[in-house]
Amino acid sequence: MPIPSRTSPRLQQVPLRPYAALPIGWAVVVLVLTLTPSDEMPRTPVWELLSFDTAAHAGVFFVLAALSWFSLHRQRRWPWLAHHAVATTLVGSVLFGALIEVLQMTMKLGRHGEWSDLISDSIGAGLAVGLATAWAARQARQNKFLAAVVCWLGLMLATTTAQAQDIARARHTIETLASEKMHGRGYVQQGEHIAAEYLRKRFRELKLTPLAPNYTQPFTLDVNTFPGKIMLAFGDSAMWSGGRPLWREAPLRPGLDYIAAPASAGTVGATRWVPLVELPDSAILVNAGSTWWQWANRQPRHKWALVLPQRALPLLGALPPPLRQRLDSVARLTIVPKLTASIGSEVAPNVRFEVLAQSWGAFAGRARVAAPIAHYLGFALDAQVQRNYQTQNLAAVIRGSAQPDSFLVVSAHYDHLGTMGRDVYFPGGNDNASGVSMLLELAAHYAQPANRPAYSVVFLLFGAEEAGLVGSQYFVAHPLVPLQNIKFLVNLDLLGTGEQGATVVNGKVFEAPYKRLVALNDAHHYLPALGARGKAANSDHYPFSEAGVPAFFLYTRGGSTAYHDVNDKPAALSLAGFAGAFGLVRDFLNEKGAAPTQKNSR
């Protein structure tokens, strides 16, 4: 017969299990979270009656102390620790909290150790062991169940921030929408339809109520596209044979050196080579009797191409109609300081390219001659106008618990510029995958039962914004909710940066709401600064405000300068102001009626 153990009968009945893994695992999680650099952390919400940071620290150490007490109380290897689990847990929790504060003060992570946090840690640990001890004394047989409840409560408290908005999820949304498989969310290879289906799926996952069948409000538009061949090259005018140059430069790179202008016509057949005529001085355009004009009028319109600086374009509109028509009929290169693509529905009489000044200068500096004809231009472009192309807006709603017929609207456009040729696409990470991502994060927030709004909150994703606010104009003309019942609209566009704060279009129009926005930002330090602009037709808020709906358009400043070009990629976005903008918009909407009923009743 084995010698009886001197440990208590209660401890003898517990099988040997690796209980220490529970507090150790949680401690590792706490270390990773607390030592994460500050610029990688999301903004935390601001609570009215209690500092969120205080509650978070207490919650985290509530879980740590509960797991530590449970592990020490149940283990059988060291009986003394089992009998002194309360004291050991409290001392260990305090020392661990002090270690974290020391590390935050000494490591260059942008985090600041505060001894007041150690007090919060101690309060959380004390509360956990106090409750655990009391429950253990009354119901010893239910220790496992009680520990699980303690852990669950602490975890719910500690993860409030993650439930509010998820930076990792937001970035993944941006990366998905800006990926090559979306084809620039344009009108070639069904790019915008692919994006719309992805967004319908996200709406369904959040269990949002459709405002139209399958969340879809269809409409049509005319749009000029460039789905096939695109080529631009320069040749030497001194060596010419058989309709093409014997020597030529390597073709320029579409998207990087040049783009097709939105109204460009296409070419038919093989690459065309024509003399390229550089306008020596913009003033010549208004001197119809100049030698240059005499020469230009003698040339067949399809036998030459004009290159002129961007600053000369306004002069074209001031020309007499015969002269303007003459220049409109020839192929044209416009030299621009930055490539900025856009979408058009009209088609010019001939080919139009925009060439980056740096790329043009590199060639022109080598090939310029004194005669009017400096060199030859070779080009090919597949341009196709899509007539009555069917696209869509997407619309969903979370019905209000108190006033379901009063609406607050969050909007963003999901379309972008699509593709240019077979190999170039415009990612549109900042414009406007970032705004769509913000809208989805706000939808996820209000979709939680605890955050169900008092007023109904509508989420609108517009198509064809880049084509001239077509989708939002269609919605205003065919509203899915009464426009007079919309209390406020917040339009989200270009929210991938934020180092310098944000700008609010219509801030100078709706001064009182803007002052409340500034007050919220000043109180909670969401963004470095806010600036107000007047009325501007630069995003989807505009048709609504013109129809009498109060509306703001919020965009962030600083960081990446890529805009309407191939460099607007997710990797270039810092998301420095994303969490702050989320908190600011959420608080503003809550003040306007989106707060849960119990909060509105205060």
Side-chain angles (χ1 to χ4, degrees), residues 222-235 237 240 243-245 252 254 258-336 339-355 357 360 363-364 371-387 420-421:
D222 296 341
V223 58
N224 195 23
T225 64
F226 307 103
K229 185 175 182 180
I230 179 171
M231 195 280 287
L232 187 66
F234 298 123
S237 61
W240 185 262
R244 59 184 298 127
L252 299 180
Y258 72 98
I259 56 175
S264 179
T267 60
V268 179
T271 300
R272 288 171 53 191
W273 286 92
V274 297
L276 182 59
V277 179
E278 183 178 2
L279 186 68
D281 188 342
S282 299
I284 291 178
L285 285 177
V286 296
N287 183 6
S290 68
T291 304
W292 188 90
W293 267 112
Q294 295 175 13
W295 176 90
N297 283 326
R298 291 196 301 269
Q299 307 305 311
R301 67 186 186 93
H302 288 296
K303 297 298 184 180
W304 63 292
L306 174 67
V307 56
L308 74 167
Q310 188 178 40
R311 65 179 181 274
L313 289 180
L315 298 177
L316 296 181
L319 292 175
L323 299 182
R324 184 172 66 249
Q325 292 172 4
R326 179 65 178 168
L327 291 187
D328 282 344
S329 67
V330 302
R332 182 193 303 164
L333 266 64
T334 303
I335 309 304
V336 298
L339 297 179
T340 304
S342 57
I343 290 178
S345 58
E346 303 298 326
V347 180
N350 212 321
V351 176
R352 301 280 186 270
F353 289 108
E354 296 177 7
V355 180
W360 163 254
F363 174 76
I373 298 179
H375 32 264
Y376 280 76
L377 176 71
F379 57 91
L381 180 63
D382 178 16
Q384 298 180 18
V385 179
Q386 305 277 358
R387 299 294 183 188
M420 188 166 289

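In what follows, residues are counted from 1 in the order of the sequence shown. Just so you know, these numbers come straight off a predicted model, no measurement behind them.
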Once you round to the nearest 0.5 Å, how far does [atom1] of [X] lie from [atom2] of [Y]?
X	Y	atom1	atom2	answer
S345	R387	OG	CZ	7.5 Å
L252	F353	CG	CZ	9.5 Å
I259	R352	CD1	CZ	14.0 Å

Could you walk me through whether F234 and L377 pass the side-chain contact (heavy atoms from CB on, under 4.5 Å) test, one step at a time? CA-CA 5 Å; F234 298 123; L377 176 71; 3.7 Å; yes

Sort out for me which residue in V347, V223, T225 forms a side chain to side chain contact (heavy atoms under 4.5 Å, CB included) with Q384. T225

Mind checking whether [X] and [Y] have side chains closer than 4.5 Å, heavy atoms only?
X	Y	result
M231	T267	no
F226	S264	yes
I230	D382	no
L316	L308	yes

Is it the case that the side chain of D328 and the backbone of A348 share a donor-acceptor pair, with hydrogens and angles ignored and the cut-off at 3.5 Å? no

Work out which heavy atom in [X] is nearest to a heavy atom in [Y]; give both atom names and the distance.
X	Y	value
S342	P262	OG-CG, 3.2 Å
F379	L232	CB-CD1, 3.9 Å
S329	P349	CA-CB, 4.3 Å
A260	M420	N-SD, 3.2 Å
V355	L339	C-CD2, 4.1 Å

